[in-house]
Amino acid sequence: MSYLVSRDTSELTESLIISATIETLSENITDSVISPVFYYIIANIILILVLSLELFSFSSVNINILNIIIFSVIIAIFYRIINTLDAMVGYKNEKYFNIGYFPAKLDDILNYIPARLGGVLTVLASFLYRNQGFNYKNSYLTMLNDAKKCPSPNSGFTMAAVAGALDISLTKKNVYKIGKDKNVLKKNDINKAIKLSKLTILLSILFLILIFLIFILIIFVFLL
């Protein structure tokens, strides 16, 4: 657990361990999946737009499909590097402040849109699982009310949406408490959070692919 979270784990109770696990899982919906895919798609869209303008204007810019894929992968990797640096050294203490400030702030900027998209799609996922004990109304309300309780401007959106969907509270001692204690935290809540996260990730990938395909269609119609 100490390798997964940025807190003292030596005195965590079982409920706080469960909370920390769900917090890490829900936060990584954005960090590990939505944001890298988001920036891969954005890079594709930008270069395809440039390529379409090249074809339209008959310029000599050398851009092909392989270059687009390579560039987009590099952009996604660049995001993951920034995110990893933020996780490793992005702390407001004397030891890491000088080297961690830039990646932490850049990570905040890069995650701004993906984090909010992740929160909304988590609410949607809980709606689709509404007949399986997930509370989509509370997911939405908790995201609106508690997302900004987290010190990070982005992490709270998926965490709050997951907490609300499970009718639980996620607590980092002396830092924040997200959600209400409608249900006592149980080990099975981790499995429920995993299930919800998987559907959220699937929805996010489908949504971003749909946006990409709509863009391609627009470009195709434009070139015709």
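Predicted model, so just to flag it, every value in this text is computed and none were measured.
Heavy-atom minimum distance, F157 versus A115: CB-O, 3.5 Å. Closest non-hydrogen pair, Y40 versus A76, comes out as CB-CB, 4.3 Å. Looking at every heavy atom in both residues, P151 comes nearest to V175 through CG-CG1, 3.6 Å. A161 approaches G119 most closely through the heavy-atom pair CB-O, 3.8 Å. G118 and T200 make their closest contact through O-CG2, 3.9 Å (heavy atoms, listed as atom of the first residue, atom of the second, distance). Across S169 and L185, no two heavy atoms sit closer than the pair O-CD1, 3.7 Å.
S26 contributes a side-chain N or O that, together with a main-chain N or O of E23, makes up a donor-acceptor pair within less than 3.5 Å. For S19 (side chain) and T171 (main-chain N/O), a donor-acceptor pair under 3.5 Å exists by modelled atom type. The main-chain N or O of R80 is found under 3.5 Å from a side-chain atom of T84 such that the two form a donor-acceptor pair. A donor-acceptor pair under 3.5 Å is formed between the side chain of N145 and the backbone N or O of L141. For N28 (side chain) and T24 (main-chain N/O), a donor-acceptor pair under 3.5 Å exists by modelled atom type. Remark: side-chain polar atoms of N154 are paired, donor with acceptor, to backbone N or O of D108 under 3.5 angstrom. T142 places no side-chain N or O within 3.5 Å of a backbone atom of S139 that could act as its donor or acceptor partner. Panel note: side chain D146, backbone G179; a donor-acceptor pair is recorded below 3.5 Å.
T30 and N111 form no side-chain donor-acceptor contact under 3.5 Å, judged by distance and modelled atom types alone.
Between F127 and Y136, the ring planes lie perpendicular to each other; the angle is over 60°, past the 30° to 60° tilted range.
Contact check for L170 versus I22: side-chain heavy atoms found under the 4.5 Å cut-off. At a threshold of 4.5 Å between non-hydrogen side-chain atoms, the residues I18 and T21 do not count as touching. Counting heavy atoms from C-beta outward, D167 and F134 have side chains that stay 4.5 Å or more apart. Contact check for I70 versus I74: side-chain heavy atoms found under the 4.5 Å cut-off. Counting only heavy atoms from C-beta outward, the side chains of F38 and I42 approach each other to under 4.5 Å. At a threshold of 4.5 Å between non-hydrogen side-chain atoms, the residues V37 and F212 do not count as touching. Side-chain contact check for L196 versus L166: some heavy-atom pair is nearer than 4.5 Å. Between L47 and N67, the closest side-chain pair of non-hydrogen atoms is not below 4.5 Å.
Remark: D107 CG to S152 OG distance equals 7.5 Å, nearest 0.5 Å. In this structure, CG in L121 is found 6.0 Å from CD1 in I34, a value given to the nearest 0.5 Å. Separation of atoms CG (L106) and CG (N83) is listed at 10.5 Å; rounding is to 0.5 Å.
In this structure, R116 is positioned above the aromatic face of Y112, its NZ or CZ under 6.0 Å from the six-membered ring centre and within 45° of the axis.
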